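For reference, the structure discussed in these notes is given below.
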Amino acid sequence: MLKKFKLKTFGCQMNVYDSQKISNIFYKLGYKNTSIDKEADIYIINTCHIRDKAKQKLYSELGKIYKIRKNRFQNNKNTITIVAGCVAQAEGEEIFKRVPFVDIIVGSQSYQKLPNLIKKIQNKNKEKNKQLIELDFDPKSKFDDLPKEKYINEVSSYLTIQEGCDKFCKFCVVPYTRGPEYSRTVEEIVSEAKFLIKNGTKEIILLGQNVSAYHGIGFGNKEFNLGKLIYVLAKIKGLKRIRYMTAHPKDMHEDLYNAHRDLEKLMPFVHLPIQSGSNKILKAMNRNYTAEEYLKIINKIKKCRRDIVFSSDFIVGYPGETKEDFQKTIDVIDKVEYVQSFSFIYSPRPGTMAYNLKNALEDDEKKNRLKILQNKLRFYQEKFNKNFVKKSLKVLFSNSSNKKKYQSLGYSEYMQLVRINNKRNMQGKIENIKIKKSFYKSLEASPIT
Ligand code: SAH
Ligand code: SF4
Ligand code: F3S
C-alpha cells in the first residue's frame with residue numbers, strides 16, 4: 001500500500017498555490033507528506049517553463065529520481081513519478097519520450113483528475129509501460145473539483161482568482177502553458193477567503209498571471225473587476241491585509257486606483273512589470289503600452305496613496321535591444337526607484353512568436369547589461385530599506401525561523417522581510433516595531449518582550 005508523497009515545486013506563486021491544492025488531494029487520499037526522497041511512494045514535480053533554466057530543473061530532478069526509483073525497486077518498493085505544471089502542459093508526450101519512467105503527466109488545469117489517474121496507474125495489472133497523460137484546459141472544473149479542505153494553516157495565504165492569459169507577449173509561454181484567461185466568481189473567491197481566515201489567515205495575496213484583467217461574475221450577475229472585488233474582500237472581518245499580483249499595466253483601472261485610495265487593508269506595494277523602458281522594444285514584445293503610459297499609471301497610483309512603492313520584472317537582451325534601448329530601461333528605474341524586482345536575460349522559448357528572432361547580442365554583453373541593471377535595482381532597494389532605520393514599521397509576523405530558536409519573520413506593509421530576535425511568539429500578529437539595521441534584502445528589528 002502506498003503511503004507517502006513528496007512534492008517539489010518550481011516556478012511562480014501560482015504553482016505554489018496549485019501545489020497546496022495538490023497536497024490536499026494527497027492528504028485526502030490518506031497519504032502523508034515527506035521530505036525524504038527514499039520514503040516517497042509518489043514523487044511529484046510541479047514544473048515551470050518560463051525560461052530554459054527553469055525547464056532544465058525538471059530534467060535534473062528526474063535524473064535524481066531515476067536513482068531513487070532504482071534503489072526503492074531493489075527493496076521491492078514502487079515509485080509513481082508524476083510531472084505536473086507548465087512543462088507538462090508545454091511538452092506533453094515529449095517528456096515520456098525523453099524520460100520513459102515517468103508514469104503520469106498532468107497539465108496545469110487538470111489537477112482535479114489526479115485521484116483518478118493515480119488509481120488507474122495503481123491498477124495497471126502489470127501492463128508494461130502504461131503511462132497516463134491529461135492536458136485538458138478546464139479551469140472551472142479545476143477550481144470546482146479540487147478539495148476544499150485545508151491541511152496547513154498560514155498567516156499569509158495565496159488565493160488564485162484568475163488563470164491564464166490572452167495577451168501573447170512575444171517572448172512568453174504562459175498563454176500556452178496556462179491557456180486562455182479565466183476568472184473565478186466573486187462568490188467562490190469570498191467563500192475561499194472566509195475559509196482561509198477562519199483557519200488563521202490574516203493576509204491574502206490574490207493571484208493571477210494577469211490579475212488586473214480579472215473579470216469574474218459577482219452579485220446580481222454583474223461582472224466585477226479586480227478593484228470591485230477588493231472592495232468586497234476588504235469588508236471581511238479578520239482579514240487584515242490584501243495584496244495582488246501580477247498586474248499588467250494595460251489592465252490597471254479606476255476602481256483599482258480608488259481601492260488604493262480608500263482601503264487601508266490594500267497594501268502600499270504594487271508589482272507592476274514593465275519589462276523594458278524602450279518603446280521600440282515594448283512594441284516588439286507586444287506589451288501594448290509605452291514607457292510614458294507606464295509612468296503615468298505609476299503617478300496615478302501614487303496620487304491615490306502617497307507612500308505606495310513598486311516592484312517590477314525586467315527582460316534584458318531582447319532581440320534588437322541596443323545600448324540606447326537598454327539605457328531607457330535604466331532611466332525608468334531611476335524615475336520609479338523600485339524597492340525590489342526580478343530581472344532576467346531573455347530566454348528564447350519554443351512555440352512563442354519571438355523564438356525565431358535573430359539576436360545579434362553577445363552573451364557577455366547580455367550578462368554585462370544584467371549586472372548593470374541589477375546594481376541599479378540594488379542601489380534603490382538598499383536606499384529604501386536604509387530609510388527605515390530607527391523608524392517604526394507595521395509588521396505581520398508569519399513564522400519562526402528554523403535556524404535560530406527565537407527568531408520571528410514577518411513582512412512590512414511594503415513587502416520588506418523583517419527579522420526579529422524575540423522570546424515571544426509573534427506568529428499571526430501585526431506589531432509596530434522599531435527597525436535597528438537594514439540590509440539589501442531585509443531589515444532587522446530591535447527585540448521586544
Ligand atoms: N504576467 C506577468 C508576467 C508573468 S511571467 C506580466 O505580464 O508582467 C514572469 C516574468 O518572467 C515576466 O514578467 C518576465 O520578466 C519573465 N519572462 C517571461 N518570459 C521570459 C523569457 N522568455 N525570457 C526571460 N524572461 C521571461
Ligand atoms: Fe506572459 Fe505577457 Fe501574459 Fe504576462 S501578459 S503572462 S508576460 S503573455
Ligand atoms: Fe512558470 Fe508556469 Fe508560473 S511557466 S512562471 S510556473 S505560470
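Ligands are counted one by one from 1 in listed order, and the atoms in each one are counted from 1 as well. Position 1 is the first residue of the sequence, and the numbers go up from there. Here the structure is a predicted model, which means the values were calculated and not measured.
- Under the 4.0 Å criterion applied to side-chain N and carboxylate O atoms, Arg369 and Asp364 are not assigned as salt-bridge partners.
- Closest to atom 7 (S) of ligand 3, if we only count protein heavy atoms, is Gln209 NE2, 3.1 Å.
- For ligand 2, the atoms closer than 4.0 angstrom to any heavy atom of Cys169 are 2 (Fe), 5 (S), 7 (S), 8 (S).
- In terms of protein heavy-atom proximity, atom 18 (C) of ligand 1 is nearest to Ile50 CG1, 3.4 Å.
- There is no side-chain donor-acceptor pair under 3.5 Å between Gln131 and Glu93.
- From the protein, the heavy atom lying nearest to atom 19 (N) of ligand 1 is Phe171 CD1, 3.3 Å.
- Of the protein's non-hydrogen atoms, the one nearest atom 7 (S) of ligand 2 is Arg287 NH1, 3.4 Å.
- Look at Arg178 and you'll find every heavy atom at least 4.0 Å from all atoms of ligand 2.
- Within the cation-pi definition used here (under 6.0 Å to the ring centroid, within 45° of the axis), Arg349 does not qualify as a partner of Phe171.
- Every N/O-N/O distance between Val174 and ligand 1 stays at or above 3.5 Å.
- Looking at every heavy atom in both residues, Asn46 comes nearest to Tyr111 through OD1-OH, 3.4 Å.
- Closest protein heavy atom to atom 4 (S) of ligand 3: His49 N, 3.2 Å.
- Close approach to His248 involves these atoms of ligand 1, each under 4.0 Å from a residue heavy atom: 7 (O).
- Residue Cys86 counts as close to atom 2 (Fe) of ligand 3, with an N, O or S atom under 2.8 Å.
- The ligand atoms of ligand 2 that sit less than 4.0 angstrom from a heavy atom of His248 are 5 (S).
- Contact annotation: Val173 has no heavy atom less than 4.0 Å from any atom of ligand 1.
- Judged by the 6.0 Å distance and 45° axis criteria, Arg419 is positioned over the aromatic ring of Phe439.
- Distances from atom 4 (C) of ligand 1 to the protein include no heavy-atom value under 4.0 Å.
- Annotation: side chain of Arg51 is in contact with side chain of Phe344 (closest heavy-atom distance under 4.5 Å).
- Contact annotation: for Phe344 versus ligand 1, heavy atoms closer than 4.0 Å belong to the side chain alone.
- Considering backbone and side-chain N/O of Tyr346, none are found under 3.5 Å from N/O of ligand 1.
- Counting the atoms of ligand 2 from 1 in the order shown, those under 4.0 Å from a heavy atom of Cys165 are 3 (Fe), 5 (S), 6 (S), 8 (S).
- The distance from ligand 2 to the heavy atoms of Phe168 drops below 4.0 Å at these ligand atoms: 8 (S).
- At a 3.5 angstrom cut-off on N or O pairs, Arg287 counts as close to ligand 1.
- For Lys228 and Glu254, the salt-bridge test fails: no basic side-chain N is under 4.0 Å from an acidic carboxylate O.
- With respect to Lys113 and Asp138, no salt bridge is recorded, no charged nitrogen being found less than 4.0 Å from a carboxylate O.
- Ligand 1 places these atoms under 4.0 Å from at least one heavy atom of Gln209: 1 (N), 2 (C).
- Among protein heavy atoms, atom 21 (C) of ligand 1 sits closest to Ser347 O, 3.6 Å.
- Within the listing of ligand 1, atoms 24 (C) sit less than 4.0 angstrom from a heavy atom of Ile345.
- When the options Arg69, Lys67, Lys6 are evaluated for a salt bridge (charged side-chain N to carboxylate O under 4.0 Å, His left out) with Asp37, the one that passes is Lys6.
- With ligand atoms numbered from 1 in the order given, ligand 1 contributes 8 (O) to contacts under 4.0 Å with heavy atoms of Pro273.
- Residue Pro175 approaches ligand 2 through these ligand atoms, each under 4.0 Å from one of its heavy atoms: 8 (S).
- A salt bridge is absent between Lys296 and Glu293: the closest approach of a Lys/Arg side-chain nitrogen to an acidic carboxylate oxygen does not fall below 4.0 angstrom.
- Taking 4.0 Å as the cut-off between side-chain N and carboxylate O, Lys383 and Glu337 count as a salt-bridged pair.
- Atom numbering of ligand 2 starts at 1 in the shown order; those under 4.0 Å from a heavy atom of Phe171 are 7 (S).
- Using a 4.0 Å cut-off between heavy atoms, Arg178 contacts ligand 3 through its side chain alone, with no backbone atom that close.
- Between Tyr346 and Tyr318, the two ring planes are perpendicular [angle over 60°; tilted spans 30° to 60°].
- Of the protein's heavy atoms, Cys48 SG, 2.3 Å lies nearest to atom 1 (Fe) of ligand 3.
- Considering only non-hydrogen protein atoms, atom 1 (Fe) of ligand 2 sits nearest to Cys172 SG, 2.3 Å.
- With respect to the salt-bridge test (charged N to carboxylate O, under 4.0 angstrom), the residues Glu292 and Lys328 do not qualify.
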I would like to know whether Phe168 and Tyr176 meet ring-ring contact (aromatic ring centres under 6.0 Å, His included); could you show each step before the answer? CA-CA 9 Å; Phe168 290 93; Tyr176 313 99; 5.6 Å; yes
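- Electrostatic pairing of Lys366 and Glu321 does not count as a salt bridge here, judged by no charged N lying under 4.0 Å from a carboxylate O.
- On a distance-only criterion, Arg51 and ligand 1 share at least one N/O pair closer than 3.5 Å.
- Between Asn210 and ligand 1, no N or O atom pair is found at a separation short of 3.5 Å.
- Salt-bridge formation is not detected for the pair Lys240/Glu203: no Lys NZ or Arg NE/NH1/NH2 atom is positioned less than 4.0 Å from an Asp or Glu carboxylate oxygen.
- Between Phe5 and Phe26, the ring planes lie parallel to each other; the angle is under 30°, not in the 30° to 60° tilted range.
- Given atom 6 (S) of ligand 3, the protein heavy atom at minimum distance is Asn15 ND2, 3.3 Å.
- In this structure, atom 3 (Fe) of ligand 3 lies nearest to the protein heavy atom Cys12 SG, 2.3 Å.
- Taking a cut-off of under 4.0 Å to the non-hydrogen atoms of Asp313, the atoms of ligand 1 that pass are 9 (C), 10 (C), 12 (C), 13 (O), 15 (O).
- In this structure, Tyr338 and Tyr294 have tilted ring planes: the angle between them lies in the 30° to 60° band.
- In this structure, atom 14 (C) of ligand 1 lies nearest to the protein heavy atom Gln275 OE1, 3.4 Å.
- A salt bridge links Arg72 with Asp41: the closest approach of a Lys/Arg side-chain nitrogen to an acidic carboxylate oxygen falls below 4.0 angstrom.
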